Number of protein chains: 2
Amino acid sequence: MPPRPGTAVALALRVARQSAPSSSIKSTSSTFVRQPSFPQCRQFGNLFKPPTPARNASPSTTQRTHWQYFSQTATLALSGRPLPQRRSVFLNFAYRTAAVFGTGVGFVGILLAAFFVYDSTTYKESITIGDCHVSETALSPPRGGPKNLPIVRALLDDDDSEQTRMRKDKPRLVILGGGWGSVALLKQLNPDDYHVTVVSPANYFLFTPMLPSATVGTLELRSLVEPIRRILSRVGGHFLRASAEDVDFSQKLVEVSQTDASGQEARFYIPYDKLVVAVGSVTNPHGVKGLEHCHFLKDINDARKIRNQVIWNLELANLPTTSDSERRRLLSFVVSGGGPTGVEFAAELFDLLNEDLTRRFPRLLRNEISVHIIQSRGHILNTYDETLSKYAEERFARDQVVILTNSRVQEVTEDKIIFSQKAEDGSTVTKEIPMGFCLWSTGVSQAPVCKRIADKLGSTQNNRHALETDTHLRLNGTPLGDVYAIGDCSTVQNNVADHIVSFLRGLAFKHGKDPETLELHFYDWRDVAVDVKKRFPQAVSHLKRLDRLFHDFDKDQSGTLSFGELRELLKQIDSKLTSLPATAQRANQQGIYLANKFNKLAHCAPGLKANDIRDGDLDEACYKAFEYHNLGSLAYIGNSAIFDLGNGWGFTGGLWAVYAWRSVYFAQSVGVRTRVLMAMDWLKRGLFGRDLMSF
Amino acid sequence: MPPRPGTAVALALRVARQSAPSSSIKSTSSTFVRQPSFPQCRQFGNLFKPPTPARNASPSTTQRTHWQYFSQTATLALSGRPLPQRRSVFLNFAYRTAAVFGTGVGFVGILLAAFFVYDSTTYKESITIGDCHVSETALSPPRGGPKNLPIVRALLDDDDSEQTRMRKDKPRLVILGGGWGSVALLKQLNPDDYHVTVVSPANYFLFTPMLPSATVGTLELRSLVEPIRRILSRVGGHFLRASAEDVDFSQKLVEVSQTDASGQEARFYIPYDKLVVAVGSVTNPHGVKGLEHCHFLKDINDARKIRNQVIWNLELANLPTTSDSERRRLLSFVVSGGGPTGVEFAAELFDLLNEDLTRRFPRLLRNEISVHIIQSRGHILNTYDETLSKYAEERFARDQVVILTNSRVQEVTEDKIIFSQKAEDGSTVTKEIPMGFCLWSTGVSQAPVCKRIADKLGSTQNNRHALETDTHLRLNGTPLGDVYAIGDCSTVQNNVADHIVSFLRGLAFKHGKDPETLELHFYDWRDVAVDVKKRFPQAVSHLKRLDRLFHDFDKDQSGTLSFGELRELLKQIDSKLTSLPATAQRANQQGIYLANKFNKLAHCAPGLKANDIRDGDLDEACYKAFEYHNLGSLAYIGNSAIFDLGNGWGFTGGLWAVYAWRSVYFAQSVGVRTRVLMAMDWLKRGLFGRDLMSF
């Protein structure tokens, strides 16, 4: 009974047999049919009617039921028939390889077919949605609030489904901004506890760490962004594309603005029960003139502009009518700021010029290209461990990327950049570089809306660069549990001293004592320390040796700490606490922290409110304070990457490190979609290189 | 000797064994090791030292050479050991499936690993190109020509390599434009016959047929474009990003312009031996007011603008402060022009709104969306067979896409479109539709540079819409063999009558006769017909029944055709010849035609020139006239596609036709890169849908 090969395995066997020299085919096929396949058939026969002799097992037998026939052929189809054994190792090897290859190809084919089957189900025929109910308030929101603007108490899709209808009565959680913090919050939040509304001028989340890769086409723009709505769908949230302008804390209203089709600005209020400010930051101009001649790298559009500009410069430099000096200027790329963004951009740019430009443009251009990094500090990547930044510098030096340290940009003009450089002897000299492209990436500063909020809150906000929050991420100066601030736009205030002092004052007055005359014994001090640790997790590491601290600051050796001595002690701890870095990592951790807290609050808050725990400080009552864990930072520096794991740990490496660097971000990426796209892009780059097209 | 499973096959077996119920494992593994694997080992043993008994075959044996050991393990690794046979059909089936699956996964794994290995070789370390020689003329081109502009006789990369240096002395082929015609030409041209220079304002080739798909994100922009330089690399050509402004035919100079970095326009000359004008066409405004409120769809940037506008409208419509009428306006999409572009855009737009919008936006929006197509003719797709366009209309009707036929747009304003519609009774009524988006796709008209050229050539150019060429695609009025025009910017002149008449005149004068009195007998007429067929391939189909034609036009039954009668005959044929469609297909065929001719000319021209064949008409001497073959046209109309194969043939279909439509364009796509990207995009759409992000 010759087998009917139907599957990949069988196919592969056929391939193998064809691929073998004709001389061997006969004997092969004989092996193929004779020796192992018959015993099998007999077995199958036995399966169905044990006593039946072998010959009856052949398909010709008629007593078979359809079911038996099916199951047998199915099994036969994938039968584990042994591959033919030739006396030649190579022949055998060929068989095996062909078998595996054939099966593999078949497998891929099946996957492909499966996709097409699935794909064919994704084309919706025209669907008519019947009337859908929309509340009157949603269609024409009533006016009110301090500025008598429309107050959006209901949204167009509040009644679209059962779930959304159910969420209408939940507390309103309004999130300003769609960056790392917000998205982390949204991904962690319980679906049914809040009526979530996100307000942002961009309807996508941007995976900022990879932005430099997008400026030269290593990654495509759309691989770095994820629609906010897609992320929101899990919590059934709503999205409004508008910009936050101001907040009214007393009436709990966010004022947002949107320019309509005719270019008119329309403003309205969004009411909130809980507000999360996560609007991020803006580029820091450092008061330098002529920044309109620079590119920035905050947004996805910046990336596209940069890509076009770079290619445009190359095209101009390629024209024979371009003078030699002009050509050199066009091909002089300057990066102002030696932070991760600037450095990674320089690295990516260099890759583009080195790997792709050389293939498609005249060699002359490659020779006249120059890349400069202007850094105000003594090293680039100065937040990294020094050995690492040194490594990066050597690396760039080898790649003919010039690094100008201790240099401050004075002014940028259309065709050159003027900067002053500190020499070894401390004297500063003013220099200039002709440039055809300048990237400005010198840190961040506060967004206008944050300034407005800070001003409103007055004395409780004393930081000119960010909104101050307590360690529960609550915006200082606002009613407890109403407003939170996370991400670049915020900073956690570590006012250990003030806090504890006021706390002690309260204590002292309770005991009817004057706080100034209060004397703490060691056990009092220990209690204070516990309280501090609880409220300021960042301070824990500085409160290890309580006894030593006590002893050190007990100046008068009285065995007790006076009020003044205690303040001194805590002040010193304050000074040791550094403010958190403005990184995606921090925003992400804060977002997750808030989500977890909100999830908890949604359930334990009511009960606590009832019996007014800790004078209404619900956050503290049911969740711990925020603690930042540094997971290290990494940077791509051109065919090589550096990893700083904190506390002096870290490593550098070549290509393998680059792959590692990629896989880290691949894992951190927001969703399946972006991961797939990223992978596709890297595949593209590998196969076809970056395309030098500008549009 | 227990086998060391190392490959996918072995792995799969392990999987199978695990997947089997524990009870069976023991017996399985015994089958696994015992019965089939030992005989094999013996075989291998024999391979190396025939007399050796089996036990020596085990790896422990020490007489083996490394090579033997390797080859054996390699063979073993891929050994064709039979899969274990269980008494249960299902268990067996499970084994087989697991084996195939395992092998498949392994295979994919191997592919992946292979890619990474390859990828790792694509990262270039910093390379220093030594000095490269660039001729003085290239660096500072000498001035000259009628306007005393720089004449670019040498390019920056003329001396970059041996090949380019060799090509310097070849005839200079200058191609204006980088569309279908140019690219077809470039892909067909012999690499070493010409010094090729392409001049175009865009440094990429755009795959226009798929442009509508890019407007909604079914395909990504970069999947539709291919860098011209990549296409040029095969023929070692040069690319200059500039726009052609004018041509000086006497001095053989193309005048091109380019705006430099400071926004100044720089002009220069490019000398040519052969010039191909393939600059395409521009949108036809039809003198309608307010087109600045419309979008067009000629360029890749148009596609992005459209995509952003559509999403922006949705976002605005999503705001609760947007009034209901305004919302309806924002969601009213109007397409002016029922040609393939307009129709396919409408279809794609409808897909977006139907498949993706409904998932992410309030249901209200879906209900208030309207799509209109305004068509001046009686049917949309009027170039297609009527049954097909009817089918399309029904299709759209079902999808609630309103088609307004016999309608002409009068004016477009910021928020509405005013048009006049012819009623059944011939009366015209003026109507208006409020609109938030309008696409203007009502045919093409002549590009400015073509107008300039036509004016220069005066009476030899009488077509107001395109440059006239003879059937050898030579621009009428220019020295033979110097200038060619192909694609949308050109039209092939079928002046059979004039041509033949002048031809006869020559003949008549040779015989010392007055042409007016010339009488043609049937055999003379046959010769004339042959000549006509040769020069005007399009006319062949109209010259089938020579005798009948002769008889019909021999009015006076004289048995001969008088000069006048002949002219009448040929005039009638003229009238039957239609001008070629302005399609990618035609441009493509013309490009290939020119390439083949140039390849021939490069070799036979010199010889022919020597002995001055056919008064210097080299083209005619060594290559046939251009003949257009209609390969049919196809269009996507929303989850369905129509194919018009010409002469009344054609078919329509649902999803399968859509896949067919895609595969046609997939096959026609310019290169591997674009194909891979297209496939990736379709995969993306299938898995994640279209993303509704605008930037």
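Since the model is a prediction, treat every value here as computed from it, not as a measurement. Here is the naming used below: chain letters follow the sequence lines, and residue numbers restart at 1 for every chain.
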Inset, instruction - Would you mind checking which part of A/A303 comes under 4.5 Å of any heavy atom in chain B, side chain (CB onward), backbone (N, CA, C, O), both or neither? - result: neither

Legend entry - chain B contact via A/E326 - which portion, at a heavy-atom distance below 4.5 Å: side chain

Legend entry - Interface residue of largest heavy-atom contact number with chain B, from A/V672, A/D324, A/T137, under 4.5 Å: A/V672

Legend entry - Heavy-atom contact with chain B under 4.5 Å, split by part of A/L330: side chain

Inset, instruction - With a 4.5 angstrom heavy-atom cut-off, could you sort out which part of B/T121 is near chain A: side chain, backbone, both or neither? - result: neither

Inset, instruction - Under 4.5 Å heavy-atom distance to chain A, tell me which part of B/L655 shows up: side chain, backbone, both or neither. - result: side chain

Inset, instruction - Tell me, for B/P150 versus chain A, whether the close heavy atoms (under 4.5 Å) come from the side chain, the backbone, both or neither. - result: side chain

Legend entry - B/R222 and A/E220, any side-chain heavy atoms less than 4.5 Å apart: yes

Legend entry - Set of residues satisfying ring pair (Phe, Tyr, Trp, His ring centres under 6.0 Å) with respect to B/F268, sequence neighbours excluded: none

Inset, instruction - To the nearest 0.5 Å, tell me how far B/F688 CZ sits from A/T122 OG1. - result: 12.5 Å

Legend entry - Distance-minimising heavy-atom pair for A/A261 and B/L316: N-CD1, 3.7 Å

Legend entry - Evaluation steps, side-chain hydrogen bond (donor to acceptor under 3.5 Å, both in side chains), between A/S233 and B/R359: CA-CA 9 Å; A/S233 58; B/R359 253 190 294 165; over 6 Å; no

Inset, instruction - Could you have a look at A/R229, A/E226, A/R329 and say which one has the most heavy-atom pairs with chain B under 4.5 angstrom? - result: A/R229

Inset, instruction - Please state whether the side chain, the backbone, both or neither of A/E355 comes within less than 4.5 Å of a heavy atom of chain B. - result: both

Legend entry - Leading residue by heavy atom contact count with chain A [cutoff under 4.5 Å; candidates B/R230, B/Q258, B/K684, B/H133]: B/R230

Legend entry - Check: B/P362 and A/L155 side chains under 4.5 Å, non-hydrogen atoms: no

Inset, instruction - Decide yes or no for B/T103 and A/F107: does some side-chain heavy atom of the first lie under 4.5 Å from some side-chain heavy atom of the second? - result: no

Legend entry - Pairwise side-chain contact, B/L156 with A/R327, heavy-atom cut-off 4.5 Å (strictly under): yes

Inset, instruction - Taking all heavy atoms of B/D119 and all of A/G686, pick out the closest pair and write down the distance. - result: OD1-CA, 3.3 Å

Inset, instruction - Measure distances from A/S694 to the heavy atoms of chain B and classify the residue's part below 4.5 Å as side chain, backbone, both or neither. - result: both

Legend entry - Engaged part of B/F115 at the chain A interface, taking heavy atoms whose separation is under 4.5 Å: side chain

Legend entry - chain A contact via B/N301 - which portion, at a heavy-atom distance below 4.5 Å: side chain

Inset, instruction - Name the region of A/L365, side chain, backbone, both or neither, that has any atom closer than 4.5 Å to a heavy atom of chain B. - result: side chain

Legend entry - Proximity breakdown for A/F239 and chain B, heavy-atom pairs closer than 4.5 Å: both

Legend entry - Shortest non-hydrogen contact between A/P320 and B/A154, atoms and distance: CB-O, 4.5 Å

Inset, instruction - Specify which of B/L683, B/L149, B/D159, B/D158 makes the most heavy-atom pairs with chain A at under 4.5 Å. - result: B/L683

Legend entry - Contact class of A/D160 relative to chain B, heavy atoms under 4.5 angstrom: both

Inset, instruction - Output the option from B/L319, B/D415, B/L139 having the highest count of non-hydrogen pairs under 4.5 Å with chain A. - result: B/L319

Legend entry - Part of A/P227 within contact of chain B (heavy atom distance under 4.5 Å): both

Legend entry - Proximal component of B/S323, with respect to chain A [non-hydrogen, under 4.5 Å]: neither

Legend entry - Top contributor to chain A contacts, counting heavy-atom pairs under 4.5 Å, from B/Y118, B/W682, B/Y123, B/Y204: B/Y123

Inset, instruction - With the side chain counted from C-beta on, respond yes when A/H238 and B/N318 share a heavy-atom pair under 4.5 Å apart, and no when they do not. - result: no

Legend entry - Region of B/Y659 that comes under 4.5 Å of a non-hydrogen atom in chain A: side chain

Legend entry - Heavy-atom side-chain contact between A/D691 and B/R673 under 4.5 Å: yes

Legend entry - Per-residue contact mode, A/A138 against chain B (heavy atom under 4.5 angstrom): backbone

Inset, instruction - Measure A/R153 against the heavy atoms of chain B and call it side chain, backbone, both or neither at under 4.5 Å. - result: neither

Inset, instruction - For chain A, find which of B/I311, B/T164, B/V134, B/I300 contributes the most heavy-atom pairs closer than 4.5 angstrom. - result: B/I300

Legend entry - Under the side-chain hydrogen bond (donor to acceptor under 3.5 Å, both in side chains) test, residues paired with B/D681 that sit two or more places apart: B/S223

Inset, instruction - Identify which part of B/L232 has an atom lying under 4.5 Å from any heavy atom of chain A, answering side chain, backbone, both or neither. - result: neither

Legend entry - Per-residue contact mode, A/V225 against chain B (heavy atom under 4.5 angstrom): both

Legend entry - Between B/L364, B/V152, B/L221, the one whose heavy-atom pairs under 4.5 Å with chain A are most numerous: B/L364

Legend entry - Shortest non-hydrogen contact between B/N203 and A/L692, atoms and distance: ND2-O, 3.1 Å

